[in-house]
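Worksheet: the structure to be examined is printed underneath.
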Amino acid sequence: MKVIVLGGGVIGVTTAYFLAEAGHEVTVYDRQSGPALETSFANAGEVSPGYASPWAGPGIPVKAVKWLLMKYGPLVVRPAFDPNMWTWLLRMLRNCTAERYALNKSRMVPLAEYSRDTLKALREATGITYDERTKGTLQLFRKQKQLDGTGGDVEVLKKYGVPYELLDRDGCIAAEPALAAVREKFVGGLRLPGDETGDCKMFTDKLAELCVARGVTFEYGSTIRRIVRNRNRLTSVLTDTGWKSADAYVMAMGSHSAQFMRELGRPIPVYPVKGYSITVPIGNADAAPVSTVMDETYKVAITRLGDRIRVGGTAEISGYDLRLHESRRRTLEHSVGDLFPGSGDLKAASFWCGLRPMTPDGPPLVGLSEVANLYLNTGHGTLGWTMACGSAKVLADIMSNRVPEINARDLSPERYLKPV
């Protein structure tokens, strides 16, 4: 088929790659001057299948109130007169039950594991490099209550055969030697040795080059102005360079996918949740993390990317606002400065934010939409980098009339046509 992919982030570019591998003629349109310049640009750098969990879960409403009151809290809500915001929040609250959490996590973990394996296979087949490391992730607990509360997550890890290690202080230091300097600040951790790290922007740039070698065309600086539907099929899209048409279309525009789907009269429950990061040049390698450390108290990920440390976190519900708030920078600086003092020059750090496309239940939307020739690949939330290769491969299989290698039925947008 002739396929148009709308969006040139990590989701759009991986989709283009696997569609080209399946023999389709692919063109990618993106309003930016190159790939991965929005949400994929400076994310936390984790490829973490073991932490693939929905935000909506039992106890979250109470925790959210506490987070809002913390000095360095991980949650910010900036209320606005936006019906989409409040509808999304209500739908998320409806998923905050033990039953729904278990169901949603069971849909996310297999996709994340499959995606990590697909990324490995891609790396082996192409030789692509992106400051990757395969040294696992350490979820660090500052309080005993946090460590004691890992039982439910451990059961899920056991169920899906995800390797894990419950560690005391000494075990955490063995995994991340720099933590020896602050051993009094944590009680233990949960380590997932199968997780990876890497620079998502670097990966997407290099994968786009591999796409071009496979015949994919990229139209950068090409904003999508309008999408036209005739009955229940897309007929064309209007870009800055004119009208474009194809046999099939893929909506991979992150949070902005929701705006276009509303215009088509086929709304999807995706809403932007802003995340922040700082990228710190390493000054003392011995004081820096080896891989990724998740600071459970502040919900901050601290990741080693080559000669840099990427510190990512915060969930800010404020619509499509991309303003950088210094209070969020202070939270990130506090976490990395507290756990890895002297590892880098915080004053020289770059500050960034991006809009994560979130669904109320957690799993992304991957599959055919309510429009006959329009496919969705969006709604990955904080796990876009983790799930990118798997989601793209699943969608390419669906569009090529092949049976996906994992059960993708529950990732389909159809799940939202049923009562929640």
Side-chain angles (χ1 to χ4, degrees), residues 44-75 98 101 105 109 112 135-160 162-197 275 287-304 309-315 331-341 343 382-383 386:
E46 303 167 81
V47 179
S48 300
Y51 291 111
S53 300
W55 283 19
I60 288 298
V62 173
K63 289 180 181 179
V65 174
K66 294 179 180 178
W67 289 334
L68 288 169
L69 298 175
M70 286 171 60
K71 180 179 180 181
Y72 297 112
L75 176 65
Y101 177 84
K105 190 175 179 76
V109 172
K135 297 180 180 293
T137 299
L138 175 63
Q139 187 178 14
L140 200 67
F141 303 118
R142 294 175 182 261
K143 301 176 182 177
Q144 187 63 40
K145 185 178 179 181
Q146 294 170 334
L147 183 59
D148 294 341
T150 59
D153 285 331
V154 166
E155 286 303 313
V156 174
L157 296 174
K158 288 180 180 178
K159 179 179 178 181
Y160 292 102
V162 179
Y164 71 93
E165 301 167 349
L166 277 174
L167 304 176
D168 58 12
R169 280 193 180 99
D170 289 337
C172 292
I173 292 168
E176 287 287 352
L179 291 174
V182 294
R183 61 177 296 129
E184 76 284 354
K185 294 187 176 180
F186 59 92
V187 299
L190 173 63
R191 181 171 180 266
L192 301 180
D195 284 6
E196 301 184 1
T197 58
V290 170
S291 186
T292 290
V293 171
M294 290 284 299
D295 186 344
E296 177 62 19
T297 296
Y298 302 109
K299 302 293 184 182
V300 168
I302 305 167
T303 301
R304 175 76 165 264
I309 302 171
R310 177 71 50 74
V311 188
T314 297
T331 296
L332 302 176
E333 290 178 342
H334 172 73
S335 180
V336 68
D338 198 44
L339 294 177
F340 296 96
S343 57
T382 58
L383 296 165
T386 294

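Of the inter-residue distances, the one linking Met294 atom CE with Tyr51 atom OH reads 7.0 Å to the nearest 0.5 angstrom. Expressed to the nearest 0.5 Å, how far OG1 of Thr150 lies from CD of Gln139 amounts to 8.0 Å. Between the CD atom in Glu196 and the OG1 atom in Thr137 there is a gap of 9.5 Å [rounded to 0.5 Å]. Note: Leu179 CG to Ile173 CD1 = 6.5 Å, rounded to the nearest 0.5 Å.
Summarising the geometry of Gly50 relative to Lys105, their closest heavy-atom pair is O-NZ, 4.2 Å, with the distance given to 0.1 Å. Considering all non-hydrogen atoms of both residues, Ala52 and Leu383 come closest at CA-CD1, 3.8 Å. The two atoms that bring Cys172 and Gly189 nearest to each other are SG-N, 3.4 Å, heavy atoms only. The shortest heavy-atom contact between Ala44 and Ala301 is CB-CB, 4.0 Å. Between Ala288 and Phe340 the shortest heavy-atom distance is C-CD2, 4.0 Å. Listed here is the closest heavy atom pair of Val47 and Pro49: O-CD, 3.2 Å.
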* Going through the distances and angles, do Lys63 and Ile60 end up as a side-chain contact (heavy atoms from CB on, under 4.5 Å)? -> CA-CA 5 Å; Lys63 289 180 181 179; Ile60 288 298; 4.3 Å; yes

* Asked: Could you walk me through whether Val300 and Tyr72 pass the side-chain contact (heavy atoms from CB on, under 4.5 Å) check?
  -> CA-CA 10 Å; Val300 168; Tyr72 297 112; over 6 Å; no

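In terms of modelled atom types and a separation under 3.5 Å, the side chain of Ser335 and the main chain of Leu332 share no donor-acceptor contact. Judged purely by atom type and a 3.5 angstrom limit, Arg304 uses its side chain to pair as donor or acceptor with the backbone of Pro289. The backbone N or O of Glu46 lies less than 3.5 Å from a partner atom in the side chain of Thr386, making a donor-acceptor pair. A distance-only check finds no donor-acceptor pair linking the side chain of Lys299 to the backbone of Thr314 [under 3.5 Å]. Within the 3.5 Å criterion, the main-chain N or O of Gly45 finds no donor-acceptor partner in the side chain of Thr197.
For the salt bridge (Lys or Arg N to Asp or Glu O under 4.0 Å) test, residues two or more places apart in sequence or in another chain that qualify with Lys185 are Asp338. Scanning for salt bridge (Lys or Arg N to Asp or Glu O under 4.0 Å) contacts around Arg183 gives Asp170, with sequence neighbours left out. In this view, Leu157 and Val162, Tyr164, Leu190, Leu192 satisfy the side-chain contact (heavy atoms from CB on, under 4.5 Å) rule, not counting sequence neighbours. Under the side-chain contact (heavy atoms from CB on, under 4.5 Å) criterion, Gln146 pairs with Phe141, Arg142, Lys143, Glu296, Thr297, sequence neighbours left out. For Pro58, the side-chain contact (heavy atoms from CB on, under 4.5 Å) partners two or more places apart in sequence, or in a different chain, are Ala98, Tyr101. Residues passing the salt bridge (Lys or Arg N to Asp or Glu O under 4.0 Å) test with Glu155 are Lys158, sequence neighbours excluded.
When side chains are defined from C-beta on, Val187 counts as touching Arg169, because their heavy atoms get closer than 4.5 Å. By the 4.5 Å heavy-atom criterion applied to side chains, Phe186 and Leu147 are not counted as neighbours.
Among Val311, Leu138, Thr292, the single residue meeting the side-chain contact (heavy atoms from CB on, under 4.5 Å) criterion with Ile302 is Val311.
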